[in-house]
There are 2 protein chains.
Amino acid sequence: MSEGRTTIVDVARRAGVSKSTVSLVLGGSSLVADATRERVTEAMSDLGYIYHRGAATLRGAKSSVLGMVINDLSNPFYVELAIGIEQACHGGSFIPFLANSAEDLLRQQEVIRSMREHGAAGLLLAPVIGTSAADLKALIAGLPVVQVMRRVPGVKASVVAPQNREGARKATAHLIQQGRRRIAFVGGTSAMSVREERLAGYRSALEEAGIAFDPALVIESPINYWGGGAAAAQLLTLVKPASAALCFNDVVAIGLIRALTQAGVAVGRDFGVIGFDDIEEAKHVLPTLTSVSVNARSLGVRAAQLLMRQIASGDFEPETIMCTTSLIIRSSCGSPSFAEQGAAT
Amino acid sequence: MSEGRTTIVDVARRAGVSKSTVSLVLGGSSLVADATRERVTEAMSDLGYIYHRGAATLRGAKSSVLGMVINDLSNPFYVELAIGIEQACHGGSFIPFLANSAEDLLRQQEVIRSMREHGAAGLLLAPVIGTSAADLKALIAGLPVVQVMRRVPGVKASVVAPQNREGARKATAHLIQQGRRRIAFVGGTSAMSVREERLAGYRSALEEAGIAFDPALVIESPINYWGGGAAAAQLLTLVKPASAALCFNDVVAIGLIRALTQAGVAVGRDFGVIGFDDIEEAKHVLPTLTSVSVNARSLGVRAAQLLMRQIASGDFEPETIMCTTSLIIRSSCGSPSFAEQGAAT
DNA sequence: GCTAACATTTGGATCGCTCCAAAAACAAAC
DNA sequence: GTTTGTTTTTGGAGCGATCCAAATGTTAGC
C-alpha cells in the first residue's frame with residue numbers, strides 16, 4: 001500500500017474495477033467501455049502509476065529494448081551512427097541500451113551478455129576490431145543481430161554497411177583526374193575489414209588508370225588524429241614523394257592535414273587529401289576536407305529499421321544492405337586552380 | 001522445454017538439484033558445496049542459460065539500470081560526458097540506458113518515463129534548455145536523480161557541474177593579462193543557466209581589472225559551428241572593434257576562428273580566442289585553441305559515482321559537486337610573441 | 001546408537017503483469 | 001419472461017527469479 005510501488009491492483013481498487021480491466025486499458029484494448037477507461041486513466045494519474053515493463057515481458061509480452069554496442073564512441077562518426085540508431089528506435093517505440101565497447105573485446109562480450117540479461121529484443125553491433133565468429137556465436141544465439149559498418153566473417157547476422165570499395169574507387173579516381181599520380185593510402189591496420197575494402201577500391205582505381213600500385217604508398221596508422229600526424233612524417237620522408245593521399249577516415253585525414261600544414265605543405269594545392277565518412281568537422285577544418293560521404297546517421301537509421309523489422313516479423317534471416325556513398329568535393333583535394341576557388345567560397 | 005528460453009528450472013533439472021540451489025549459485029552464495037556449484041555452472045553453460053534480470057527485479061532485487069538522458073549528443077562535449085558516465089557505470093556493474101533528448105522537451109519527458117518503466121534505478125540528466133521544475137516534479141518523484149552540467153532551478157536533485165564562473169573569470173583575466181582590453185563574450189542565449197554563470201565570471205574579471213562592461217560585446221548565437229561563424233560577422237562590424245573573445249564553448253570558438261581566419265584576421269596574434277570545455281578537437285584546429293578545460297569525462301564519472309552511491313545507500317539527499325576547471329593555454333590567445341612560440345611547438 | 005551442531009538443499013509463496021475462459025451486464029427478439 | 005446475442009468485466013493461472021522456513025545430510029561427541 002503505502003510501501004512499495006503502485007501496481008495495477010492499486011489502480012484497480014481506486015477505480016473500482018478489476019486488475020484485468022486495468023490491464024486492458026493499458027493495452028489500449030477497444031473492449032473497455034469509454035466511461036470505464038476514463039475512470040481508470042484518472043486513477044492512474046492520481047496515484048502516479050508507472051507501468052512495470054519488466055513484469056509484462058516476464059509474462060510473454062515481447063521486449064522493446066534494443067541493445068546497441070558501439071566500438072568507439074570517441075570517434076564522431078560512430079556517434080553520428082548512434083544518434084541515427086537512437087532516433088529510429090524512438091520512432092519505432094523501442095528504447096536503445098547503449099554501450100561503448102571501446103575497442104575492447106572483453107568489454108564487448110560482457111556488454112552483450114548484460115544486454116541479453118536485460119531482455120534486449122535485438123542487437124545493433126559495431127564489432128570491435130579482431131572479433132571472430134567464435135566470439136559471437138554462443139553470445140548471440142537466437143537473437144536477431146544487425147552488424148553495422150564492420151562485418152565479422154562467418155557470423156550469421158545481417159549487415160548494414162557503406163559501399164566502401166566503390167567510395168574509395170571514386171575518390172581515388174577523382175584525385176587521378178586532378179592530375180595526381182603518386183597517391184598514398186593512409187591509416188588503419190590490416191586487421192580491419194573496412195580498410196581492406198577501401199584499399200581494394202583504391203587499387204582498382206589505380207589499375208583503371210594504368211598506374212602501378214606501390215606498396216610504399218600504403219601507410220598504416222592508428223585511426224585517430226595522432227595517427228594522421230604520424231603518417232605525415234612518414235609521407236614526407238618518401239624517396240619518391242607522394243602528391244596526394246586517400247585517408248582511411250576523416251579523423252586521420254584531419255590529423256594529416258594539420259601535420260602537413262605545419263610542415264609548410266599547402267594542402268589542396270601542393271598536396272591533395274581526401275577523407276572518408278564526411279563527419280561534421282570536415283566542413284570546418286581549413287582547408288575544408290573533401291570526403292567520401294557515408295551519412296552515418298542514415299546508416300544508423302537503416303540498421304535500426306532493419307532490426308526492428310526483423311524483430312516484428314520474427315524472421316531473422318540475414319540481410320545485407322550496402323549504402324551508397326558520394327564524394328563531397330571541398331578544397332583539400334583540388335588542383336591548384338580549384339584550391340583557390342575553394343578558399344574563396 | 002525445447003520451446004521458450006532456458007530457465008533456472010531447466011538448469012536445476014540438468015544438474016539434478018532444485019531451482020533454489022541454482023538460485024543460490026547465481027547469487028554467489030557460500031552456502032552451496034563446491035561440487036554442487038560446479039555441476040550447476042556446467043549445466044548452465046551446457047544449456048546456454050541466460051539470466052533473466054527482469055524476473056529478479058520483479059521479486060525485489062534492485063535494478064542495475066541507470067537512465068542517462070543527454071540533451072545533445074551531436075555536441076562532442078556531451079559525448080565525452082556520456083562516455084565518462086558509461087565507463088563509471090560498468091565499473092560499478094550498472095548498465096546505462098542512453099537517450100538523446102536532442103534539446104526537445106517533449107522527447108525528454110517521454111524518454112524519462114520510458115526509463116522508469118524499464119526500471120531504471122536512477123537518472124543522470126543533462127536537462128534540455130527551458131526545462132522547468134514543474135516538468136520534472138512528477139516524472140522523477142521518488143527516483144534519485146543527478147543533474148549534470150545544467151541545473152534546473154527548484155528541482156530537488158543533485159548537481160554535478162563545473163565551476164563555470166571561476167573558469168570564465170580565469171580565462172578572461174588571462175586575456176586581460178595578455179594586454180587585451182576589448183573582450184567579447186560570444187555564444188549561447190540568455191535562457192541557459194550555464195551561460196549566465198560563465199558570463200558572470202567574465203564580468204567579474206573585467207571588474208577586477210577596472211574595465212567597463214560593454215553590452216555591445218556580448219553576442220548571442222546558437223551553440224554550434226555556424227553560430228560561431230555568425231558571431232564573427234557581427235564582431236567584425238563593431239564600431240569599437242574587439243581584440244579578443246571568450247566563447248561559450250569550444251564549438252562556437254572553432255566556428256569563430258574559422259570565420260575570422262577566412263576574413264584575414266590572424267587569430268592568436270591580432271585577435272585572442274578562448275573556448276570552453278577543452279574538447280579533443282581543440283588540440284587539432286589551427287591555431288590550437290586555448291580553452292577552459294572542464295574534463296567532461298571525469299565530470300561524467302563523478303556524476304555516475306554520486307548516483308550509484310545514492311542508490312546503494314538509499315539516501316537521495318541532494319548534493320552539489322562543483323568540479324574545478326583549468327585554463328589550457330595553447331596558441332589561439334597569445335600575445336604576438338606567444339603566438340609564435342605556440343606555432344613552433 | 002543417539003543426539004547436537006553444523007552444512008547443504010529444498011518446496012512453496014511471491015513480485016506485477018497478461019491472457020484465457022467464463023461470468024455478468026445489458027439489449028434486442030421472440 | 002425467456003432466449004439469444006453482444007458488449008464488458010473478471011478471477012486465476014503462470015512467466016522466471018528470490019527468499020524463507022523447514023527438511024535433509026554429515027560429522028562429532030558421548
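Quick note on labels: first sequence line is chain A, next is B, and so on, each numbered from 1.
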note: B/Arg53, atom CZ; D/dC15, atom C1'; distance rounded to Å ~ 18 Å
Take a 6.0 Å sphere around CD of B/Glu319 and say whether it holds more than 12 heavy atoms from other residues, nucleotides or ligands.
yes
A/Arg59 atom CZ is separated from C/dC17 atom P, nearest whole Å, by 14 Å
A/Leu31 atom CG is separated from C/dA25 atom C1', nearest whole Å, by 15 Å
Separation of C/dG16 atom P from B/His118 atom NE2, nearest Å, is 18 Å
Open item on the list: Counting distance alone, no hydrogens or angles: does the base of D/dG11 have a donor or acceptor under 3.5 Å from a partner atom on the side chain of A/Ser18?
Closed with: no
note: B/Leu58, atom CG; D/dA17, atom P; distance rounded to Å ~ 12 Å
Would you indicate what B/Ala61 reaches in the nucleic acid, counting non-hydrogen atoms under 4.0 angstrom: base, sugar-phosphate, or nothing? nothing
| message | Check this one for me: any side-chain N or O of A/Thr36 less than 4.0 Å away from OP1 or OP2 of D/dT8? | response | no
Closest to the 5' end of DNA chain C, once B/Arg37 and A/Ile50 are matched to their nearest nucleotides, is B/Arg37
By nearest-nucleotide position on DNA chain D, the 5'-leaning member of B/Val22 and A/Val32 is A/Val32
Picking from D/dG16, C/dT9, C/dG16, the nucleotide nearest the side-chain atoms of A/His52 would be C/dG16
Could you check A/Arg150 against A/Val159 for side chain to side chain contact (heavy atoms under 4.5 Å, CB included), going step by step and ending with a plain yes or no? CA-CA 8 Å; A/Arg150 300 175 176 177; A/Val159 179; over 6 Å; no
message = Tell me if the CZ atom of A/Arg53 is crowded by more than 12 foreign heavy atoms within 6.0 Å.
response = yes
Distance only, no hydrogens: is a donor on one side chain within 3.5 Å (strictly under) of an acceptor on the other, for B/Glu280 and A/Ser74?
no
C/dT18 base to A/Lys19 side chain: any donor-acceptor pair below 3.5 Å? yes
Rounded to whole Å, NZ of A/Lys62 lies from C1' of D/dC15 at a distance of 16 Å
Has B/Ser23 got a side-chain N or O lying under 4.0 Å from the OP1 or OP2 atom of D/dT18?
-> yes
* Do side-chain atoms of B/Glu80 reach the backbone of B/Ala296 as a donor and acceptor pair under 3.5 angstrom? -> no
B/Arg13 CZ to C/dT10 C1', in whole Å, measures 16 Å
Winner on side-chain proximity to B/Val17, out of C/dG16, C/dT10, C/dC17, is C/dT10
Checklist entry - If only side-chain N and O atoms of B/Thr21 are considered, is one of them under 4.0 Å from the OP1 or OP2 phosphate oxygen of C/dT10? => result yes
Side-chain atoms of A/Ser20 come closest, of C/dG11, C/dC19, C/dC17, to C/dC19
Rounded to whole Å, CG of B/Leu24 lies from P of D/dT24 at a distance of 18 Å
